[in-house]
Amino acid sequence: KSAHLAQPEVNVGIIPGAGGTQRLPRLVGSGRAAELILSGRVIDASEAARIGLVEAVLPDKHFVDEVLEWLAPVAAKPRRALVAAKRAIVDGLKAPSFDEALAIEGRLFIECQLGADAARLQAAALQRYASAPSGQTVEL
């Protein structure tokens, strides 16, 4: 919660490196990124969350415990699916066209479907759905 973020490089006569001028516009939009990069302005955690620079603002006290609790739902998911989803996002954003990004996603989707874990998890979800009372929400 007490974090402060900035791209202060212009203050010392350089530009952000390591992809800073490319990643920031993709996260917060080109206008907001230009304002932050060109001004070197420091923002607090709440503004960073509001503009989409960070996904969550967690308390400073017991920070590591808070992070682990926040990430627990993700960590509980099948590793193969997490890796494939992340790869689809990262590689899809790098693809020269939306159609190529969809092809990457399609390939990764099929790879996931070929795994025994996916078949087992899908069968269990279908069983929960079949045994649930009519109209009841079923958690996949």
Side-chain angles (χ1 to χ4, degrees):
K1 186 171 179 114
S2 65
H4 288 80
L5 303 136
Q7 293 283 194
E9 292 84 353
V10 296
N11 296 332
V12 294
I14 60 173
I15 66 170
T21 63
Q22 301 306 303
R23 289 186 180 102
L24 190 59
R26 287 167 172 80
L27 289 172
V28 302
S30 59
R32 175 78 63 186
E35 186 267 323
L36 292 171
I37 291 168
L38 299 175
S39 71
R41 184 169 69 85
V42 177
I43 62 173
D44 64 18
S46 64
E47 182 176 356
R50 191 174 65 254
I51 67 172
L53 182 58
V54 299
E55 296 304 315
V57 176
L58 302 174
D60 294 334
K61 188 173 183 179
H62 307 294
F63 180 72
V64 172
D65 294 332
E66 295 285 343
V67 170
L68 293 175
E69 182 179 332
W70 186 70
L71 289 174
V74 173
K77 304 298 186 247
R79 184 180 187 283
R80 183 180 183 135
L82 293 173
V83 169
K86 186 174 179 181
R87 182 87 282 131
I89 293 166
V90 171
D91 290 353
L93 285 171
K94 292 178 187 174
S97 72
F98 187 68
D99 286 342
E100 289 180 61
L102 288 174
I104 291 167
E105 177 187 79
R107 178 181 50 79
L108 290 163
F109 178 83
I110 291 168
E111 287 177 14
C112 283
Q113 290 287 9
L114 297 176
D117 284 347
R120 181 180 51 76
L121 290 167
Q122 290 169 29
L126 286 172
Q127 179 59 41
R128 286 193 303 277
Y129 181 76
S131 62
S134 179
Q136 180 180 344
T137 300
V138 177
E139 186 173 323
L140 296 177

Would you mind writing out the side-chain donor-acceptor pairs for residues 35-47 within the sub-3.5 Å range, not counting sequence neighbours?
{"residue": "Glu35", "atom": "OE1", "partner": "Arg41", "partner atom": "NH2", "Å": "3.1"}
{"residue": "Glu35", "atom": "OE2", "partner": "Arg41", "partner atom": "NE", "Å": "2.9"}
{"residue": "Ser39", "atom": "OG", "partner": "Glu35", "partner atom": "O", "Å": "2.7"}
{"residue": "Ser39", "atom": "OG", "partner": "Arg41", "partner atom": "N", "Å": "3.0"}
{"residue": "Arg41", "atom": "NH1", "partner": "Glu47", "partner atom": "OE1", "Å": "3.1"}
{"residue": "Arg41", "atom": "NH1", "partner": "Glu47", "partner atom": "OE2", "Å": "3.4"}
{"residue": "Arg41", "atom": "NH2", "partner": "Glu47", "partner atom": "OE2", "Å": "2.9"}
{"residue": "Asp44", "atom": "OD1", "partner": "Ser46", "partner atom": "N", "Å": "3.3"}
{"residue": "Asp44", "atom": "OD1", "partner": "Ser46", "partner atom": "OG", "Å": "3.0"}
{"residue": "Asp44", "atom": "OD1", "partner": "Glu47", "partner atom": "N", "Å": "2.9"}

Just list the side-chain donor-acceptor pairs under 3.5 Å for residues 123-133, sequence neighbours left out, or say none.
{"residue": "Arg128", "atom": "NE", "partner": "Glu139", "partner atom": "O", "Å": "3.2"}
{"residue": "Arg128", "atom": "NH2", "partner": "Glu139", "partner atom": "O", "Å": "3.3"}
{"residue": "Arg128", "atom": "NH2", "partner": "Leu140", "partner atom": "O", "Å": "2.9"}
{"residue": "Ser131", "atom": "OG", "partner": "Gln127", "partner atom": "O", "Å": "3.0"}
{"residue": "Ser131", "atom": "OG", "partner": "Arg128", "partner atom": "O", "Å": "3.3"}

List, one per line, each side-chain donor-acceptor pair under 3.5 Å for residues 18-26, sequence neighbours excluded.
{"residue": "Arg23", "atom": "NH1", "partner": "Ala18", "partner atom": "O", "Å": "2.3"}
{"residue": "Arg26", "atom": "NH1", "partner": "Gln22", "partner atom": "O", "Å": "2.7"}

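- By the side chain to side chain contact (heavy atoms under 4.5 Å, CB included) test, Ser97 is found to be paired with Asp99, Glu100, residues two or more places apart in sequence or in another chain being considered.
- Applying the under-4.5 Å side-chain rule to Ile, Leu, Val, Met, Phe, Trp and Tyr, the cluster around Val64 extends to Leu68.
- Through side-chain heavy atoms spaced under 4.5 Å, either directly or across other Ile, Leu, Val, Met, Phe, Trp or Tyr residues, Phe98 is tied to Leu102.
- Applying the under-4.5 Å side-chain rule to Ile, Leu, Val, Met, Phe, Trp and Tyr, the cluster around Leu108 extends to Ile104.
- Residue pairs meeting the side chain to side chain donor-acceptor pair (under 3.5 Å) criterion with at least one member in residues 58-68, sequence neighbours excluded, are Ser2-Asp60.
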Per-pair distances, 0.1 Å, donor-acceptor, side chain in residues 113-122, under 3.5 Å, sequence neighbours excluded:
{"residue": "Gln113", "atom": "OE1", "partner": "Gln122", "partner atom": "NE2", "Å": "3.0"}

Counting only pairs under 3.5 Å, give me each side-chain donor-acceptor contact of residues 74-89, with atom names and distances, residues two or more places apart or in other chains.
{"residue": "Lys77", "atom": "NZ", "partner": "Pro73", "partner atom": "O", "Å": "3.3"}
{"residue": "Arg80", "atom": "NH2", "partner": "Glu111", "partner atom": "O", "Å": "2.6"}
{"residue": "Arg87", "atom": "NE", "partner": "Asp91", "partner atom": "OD1", "Å": "3.2"}
{"residue": "Arg87", "atom": "NE", "partner": "Asp91", "partner atom": "OD2", "Å": "2.8"}
{"residue": "Arg87", "atom": "NH2", "partner": "Asp91", "partner atom": "OD1", "Å": "3.3"}

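- Side-chain heavy-atom separations under 4.5 angstrom define the hydrophobic clusters, and the remaining members of the one that includes Phe63 are Leu58, Val67, Trp70, Leu71.
- For Gln7, the side chain to side chain donor-acceptor pair (under 3.5 Å) partners two or more places apart in sequence, or in a different chain, are Glu9.
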